[in-house]
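These numbers come from a predicted model, not from an experiment. Counting starts at 1 for both ligands and their atoms, in listed order. When a residue number appears, it is its place in the shown sequence, counting from 1.
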Amino acid sequence: MWFVRFLTSSIGKKWLMAVSGLLLLLFLGSHIAGIATLYLGSAAFQGYAEQLHSHMLFISIFRIGLLLLFMIHICTGLFLFYQNRKARPIPYRISAKVANQAVRALPITSGRASLPFAAATMPYTGLLILIFIIIHLFGFSFGPQDVPIANTVVTLLGNPGYGLLYICSFTVVAIHLHHGIWSLLQTLGLSHPRYTLFIALMTTVLPLFFLMVAGGIPLLLICGVKF
Ligand code: HEM
């Protein structure tokens with residue numbers, strides 16, 4: 001079948017990465033919009049969480065979809081990583097400094113590439129995000145069920161060690177998104193110089209915005225702010 005042939009081709013796998021990445025990005029955007037209700041106070045956040053949990057069938061289907069998306073994204077990413085390594089076992093000898101200079105030399109209108117550091121570390125930042133999500137799920141989704149979720153969030157993220165781990169993890173997420181969004185825009189054909197401003201907004205402003213909104217919660221809690 002043409003569809004299976006497409007998905008097993010190299011370009012098909014790039015599309016799988018791009019589409020699964022885009023859907024995961026939409027999840028992250030909606031998740032961060034939800035947790036931002038904490039800035040309005042614990043009661044607002046608790047109300048949001050209870051509202052969400054009142055649609056259990058929807059949540060269950062959503063979770064299965066999310067798990068599938070993560071699996072597709074991770075497996076395809078690993079496959080492309082090993083395929084590239086097999087095709088070029090000796091990496092290009094180019095220092096980060098030279099690569100950065102080459103990127104800066106590009107005219108602004110050509111739709112600049114993402115930072116080479118973010119591109120080169122994609123498999124590692126991806127792995128760190130996976131570890132973070134496992135820790136995150138054990139803290140919240142599989143955490144104590146007899147305590148309101150708002151209390152669990154405030155107690156865990158107010159712990160300096162745990163809170164700092166979260167801030168570092170969100171920084172890793174922002175670095176991964178910086179190159180990931182750039183790469184998915186390329187794959188989906190949105191790399192024309194006409195879209196330079198849109199590309200800059202998506203690859204730099206959006207990850208930084210996510211980092212500020214999500215990272216602000218543990219930071220304020222550690223500083224003693226009460227939600
Ligand atoms: C301060 C920031 C964050 C807070 C307070 C937070 C809070 C939560 C809570 C309370 C849950 C449990 C939801 C439930 O059981 O219904 C959850 C689930 C989840 N979070 Fe976060 N989260 C944050 C950031 C993130 C980030 C950055 C990611 C991804 C990189 C993420 C990925 C997930 C995933 C995959 C789930 C499971 C989804 C589900 O159970 O439906 N979270 N989060």
Relative to atom 21 (Fe) of ligand 1, how many protein N, O or S atoms have a separation of less than 2.8 Å?
-> 2
For ligand 1, note which part of Leu137 has a heavy atom under 4.0 Å away: side chain, backbone, both or neither.
-> side chain
Any link between Trp182 and Leu23 through a network of hydrophobic side chains (Ile, Leu, Val, Met, Phe, Trp, Tyr) touching at under 4.5 Å?
-> yes
Protein heavy-atom partner closest to atom 29 (C) of ligand 1 - residue, atom, separation in Å | Leu28 CD1, 3.6 Å
Hey, does Leu157 sit under 4.0 Å from ligand 1 if you only count heavy atoms?
-> yes
Kindly work out whether a path of hydrophobic side-chain contacts (I/L/V/M/F/W/Y, heavy atoms less than 4.5 Å apart) joins Phe132 to Phe210.
-> yes
Answer side chain, backbone, both or neither: which part of Phe27 comes under 4.0 Å from ligand 1, heavy atoms only.
-> side chain
for atom 38 (C) of ligand 1, nearest protein heavy atom and its distance come out as Leu66 CD2, 4.0 Å
Residues 157-171 vs side-chain hydrogen bond (donor to acceptor under 3.5 Å, both in side chains), sequence neighbours excluded, gives His136-Tyr166
Does His55 have any side chain to side chain donor-acceptor pair (under 3.5 Å) partners at least two apart in sequence or in another chain, and if so, which?
-> none
So which bit of Leu52 gets within less than 4.0 Å of ligand 1, heavy atoms only: side chain, backbone, both or neither?
-> neither
Considering Ala214, Gly139, Ser169, which one's heavy-atom position lies nearest to atom 1 (C) of ligand 1?
-> Ala214
Is any side-chain heavy atom of Met202 less than 4.5 Å from a side-chain heavy atom of Leu185?
-> yes
Can you check whether Leu201's main-chain N or O pairs, donor with acceptor, with Thr204's side chain at less than 3.5 Å?
-> no
State, with a plain yes or no, whether a side-chain heavy atom of Tyr124 is found less than 4.5 Å away from one of Val172.
-> no
With a 4.5 Å heavy-atom cut-off, do Trp15 and Leu188 have their side chains touching?
-> yes
Quick one: hydrophobic cluster around Leu57, which other residues, with the 4.5 Å side-chain cut-off, linked directly or via members?
-> Ile61
May I ask whether Ile133 and Leu128 are part of the same hydrophobic cluster, defined by side-chain heavy atoms of I, L, V, M, F, W, Y residues being less than 4.5 angstrom apart, directly or through others?
-> yes
If you scan protein heavy atoms around atom 27 (C) of ligand 1, the nearest is Phe170 CE2, 3.4 Å
Looking at ligand 1, does any of its N/O atoms fall within less than 3.5 Å of an N/O of Ser141?
-> yes
Distance to 0.1 Å, residue and atom name: give those for the protein heavy atom nearest to atom 16 (O) of ligand 1.
-> His53 NE2, 2.5 Å
Using a 4.5 Å cut-off on heavy atoms from C-beta on, say whether the side chain of Phe70 contacts that of Leu130.
-> no
Within reach of ligand 1, part of Ile149 (heavy-atom separation under 4.0 Å) | side chain
Within the 4.0 Å heavy-atom cut-off, what Ile32 brings close to ligand 1 is neither
Write out the residue and atom name of the closest protein heavy atom to atom 41 (O) of ligand 1, then the distance separating them to 0.1 Å.
-> Arg63 NE, 3.0 Å
Note, Phe117 side chain near Ile175 side chain (heavy atom, < 4.5 Å) | yes
